[in-house]
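Scroll down for the structure; my scribbles are underneath it.
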Amino acid sequence: MDQGEACVVMVTAPNKEEAERLAVATLEARLAACVQIQAITSHYWWDGKITSDAEQLLLFKTLPAKFAALRDLITSLHSYDTPEIIQLPVTAGAEKYLGWIRRETGA
């Protein structure tokens, strides 16, 4: 597997319950091999003002070829009008781990 074939997709959710629902749905669909969830505080511009909210950050370990389907599933289940869904390339990694991502996503 070329190391550039893996990616991490960042998504925020408003609470732990929604984050876990998104994680399970994407894992069951084999669109990610792993999803990590962390509690965070986000500061951002929204409707012309700076806003701050407690959120959950989800890190999906997947393949670029799975991104469109992952994005579409997350969008269909997400409560936000404009959810953060950002794909980040993996430029290097342990070959055994990268192979595991490929196997678990059915690639």
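Source: prediction; values computed, not measured.
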Report the C-alpha distance between Ile86 and Val9 in whole Å, list the side-chain angles of each, state the deciding distance to 0.1 Å, and finish with yes or no for side-chain contact (heavy atoms from CB on, under 4.5 Å).
CA-CA 5 Å; Ile86 299 173; Val9 177; over 6 Å; no
Is it true that Leu58 and Leu77 fall in one hydrophobic cluster, defined by side-chain heavy atoms closer than 4.5 Å?
yes
Check the angle between the aromatic planes of Tyr97 and Trp100 and answer parallel, tilted or perpendicular using the 30° and 60° thresholds.
tilted
Give every residue pair that meets the ring-ring contact (aromatic ring centres under 6.0 Å, His included) criterion with at least one member in residues 54-91, sequence neighbours excluded.
His78-Tyr80
Shortest non-hydrogen pair, Cys7 vs Leu63, comes out as SG-C, 3.7 Å
Heavy-atom pair of closest approach, residues Ala23 and Ile37
CB-CD1, 4.2 Å
Excluding sequence neighbours, so at least two apart, what forms salt bridge (Lys or Arg N to Asp or Glu O under 4.0 Å) with Glu55?
none
Gap between atom CD1 of Ile40 and atom CG of Leu57 - 0.5 Å precision
4.5 Å
About how many Å separate CH2 of Trp46 and OG1 of Thr51, when rounded to the nearest 0.5 Å?
9.0 Å
Could you tell me which residues satisfy side-chain hydrogen bond (donor to acceptor under 3.5 Å, both in side chains) with Thr82, sequence neighbours excluded, listed by chain and number?
none
Sorted by chain and number, sequence neighbours left out, side-chain hydrogen bond (donor to acceptor under 3.5 Å, both in side chains) with Ser79 holds for Glu18
Assess the residue pair Met10 and Thr12 against the criterion (side-chain contact (heavy atoms from CB on, under 4.5 Å)); give the C-alpha distance rounded to whole Å, side-chain angles, the decisive distance to 0.1 Å, and a yes or no.
CA-CA 7 Å; Met10 293 176 45; Thr12 53; over 6 Å; no
Transitive ILVMFWY cluster of Ile50, excluding itself - 4.5 Å side-chain cut-off
Trp45
Looking at Glu17 and Arg21, does any basic side-chain N land under 4.0 Å from a carboxylate oxygen?
no
Within a strict 4.5 Å, meaning less than it, do heavy atoms of the Arg71 and Leu73 side chains meet?
no
Could you tell me if the side chain of Pro64 sits less than 4.5 Å from the side chain of Gln87, heavy atoms only?
yes
Under 3.5 Å: donor-acceptor pair, side chain of Thr105, backbone of Ala33
no
What side chain to side chain donor-acceptor pair (under 3.5 Å) pairs are there with at least one residue in residues 24-36, not counting sequence neighbours?
Arg30-Glu104, Gln36-Lys61
Show your reasoning for whether side-chain contact (heavy atoms from CB on, under 4.5 Å) applies to Leu59 and Gln38.
CA-CA 9 Å; Leu59 300 174; Gln38 304 171 30; 3.5 Å; yes
